[in-house]
Amino acid sequence: MTAKISYADVEVGTELPSQSFPVTRAMLVQYAGASGDFNPIHWNEKFATEVGLPDVIAHGMFTMAEAIRVVTDWVADPGAVVEYGVRFTKPVVVPNDDKGALIEVSAKVAALLDDNRVRVDLTAMSAGQKVLGMSRAVVQLA
C-alpha cells in the first residue's frame with residue numbers, strides 16, 4: 001500500500017478531517033483481551049474509584065490508537081505513519097451508561113519535512129479536556 005495523499009497537495013496548516021470515536025465499557029473489555037492489559041482501572045468501577053480515579057478509564061494505548069485513525073484514514077495507508085508519539089495528559093473517563101465516552105480528534109499538517117514527509121499534530125479531547133499532549137505523527141506521503 002502507498003499513501004493516497006501527494007506531498008505537493010499539502011501545506012502547513014492543511015487540516016485533516018476531524019473524527020469522533022465512541023468508547024464504551026464493552027470496548028475496553030475487548031481491548032483488554034486483545035492487549036493483555038487487564039488492569040482493573042479499565043473495567044472495575046469500584047477499584048478505579050478506590051485508587052482515586054473518577055470512574056473507569058480507557059487504556060492510554062487505546063486512546064492513542066483511536067487518535068491516529070484520523071491520520072491513517074486521511075492518508076489511506078497505515079504503513080505511511082513512520083513515527084508517532086504522545087504524552088498522556090488526562091484519562092478518558094468511561095461511564096457505565098448507554099453512551100460511554102467520546103474521543104474527539106482533529107489534526108493538521110504542522111511541518112513539511114524532507115523526502116515527502118510531513119509532521120501532523122493531533123488534538124484529542126474527551127469531555128472538554130485534552131487527553132493527549134504533544135501528539136505528533138510523521139507521515140510519508142506520495
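Because only heavy atoms are used, hydrogens play no part in the values below, and waters and symmetry mates are left out as well, while side chains stay in. No experiment lies behind these values; they were computed from the predicted model shown.
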Heavy-atom distance under 4.5 Å between the side chains of N116 and Q140, does that happen here?
-> yes

Indicate the atoms forming the closest heavy-atom contact of S106 with S18, along with that distance.
-> CB-OG, 3.4 Å

Euclidean distance, F21 CZ relative to T63 OG1, rounded to 0.5 Å = 11.5 Å

In terms of hydrophobic clusters joined by side-chain contacts under 4.5 Å, are M27 and Y31 together?
-> yes

D115 side chain to R117 backbone, donor-acceptor under 3.5 Å | no

On a heavy-atom basis, the closest approach of V94 and G100 is CG1-CA, 4.3 Å

Please answer: with hydrophobic residues joined when any side-chain heavy atoms are less than 4.5 Å apart, are V105 and V139 in the same cluster?
-> yes

Which heavy-atom pair separates T49 from K46 by the least distance, and what is that distance?
-> OG1-O, 3.0 Å

Give a yes-or-no answer on whether the side chains of E45 and N96 include a donor-acceptor pair shorter than 3.5 Å.
-> no

Side-chain (S126) to main-chain (L102) donor-acceptor, under 3.5 angstrom | yes

From I5 atom CD1 to L16 atom CG, the distance as rounded to the nearest 0.5 Å = 8.0 Å

Following the transitive rule for hydrophobic clusters with a side-chain heavy-atom cut-off under 4.5 Å over Ile, Leu, Val, Met, Phe, Trp and Tyr, establish whether V118 and V81 coincide in one cluster.
-> yes

Who else is in V29's hydrophobic cluster (ILVMFWY, side-chain heavy atoms under 4.5 Å, direct or via others)?
-> W43

Can D55 and R25 be said to form a side-chain contact (heavy atoms from CB on, under 4.5 Å), step by step?
-> CA-CA 11 Å; D55 205 333; R25 296 271 180 102; 2.7 Å; yes

Point-to-point distance, once rounded to the nearest 0.5 Å, from CG of L122 to NZ of K108 = 11.5 Å

Hey, what do you get for CG (L112) to CG (L141), rounding to the nearest 0.5 Å?
-> 9.0 Å

Side-chain heavy atoms of V70 within contact of Q19, under 4.5 Å = yes

Polar side-chain atom of Y84 near backbone of M64 as donor-acceptor pair, under 3.5 Å = yes

Is I68 reachable from W74 through a run of hydrophobic residues whose side-chain heavy atoms are each under 4.5 Å from the next?
-> yes

Are any non-hydrogen side-chain atoms of M61 and F88 less than 4.5 angstrom apart?
-> yes

Gap separating the CG atom of D9 from the NZ atom of K4, nearest 0.5 angstrom = 14.0 Å

Validation row: H42, F62 side chains within 4.5 angstrom (heavy atoms) | no

Can you name the one residue among L28, V56, V51 that meets side chain to side chain contact (heavy atoms under 4.5 Å, CB included) with I41?
-> V51

Any chance you could measure N39, atom CG, to H59, atom NE2, to the nearest 0.5 Å?
-> 7.5 Å

Would you find a donor on one side and an acceptor on the other, under 3.5 Å apart, between the side chain of T89 and the backbone of K130?
-> yes

Heavy-atom closest pair, residues A110 and D121 | CB-OD2, 3.2 Å

Quick one: does Y7's side chain have a donor or acceptor within less than 3.5 Å of a partner on L113's backbone?
-> yes

Shortest non-hydrogen separation from T72 to P78 and the atoms involved = CG2-CA, 3.7 Å

Hydrophobic cluster identity match, V92 and F38, side-chain contacts under 4.5 Å = no

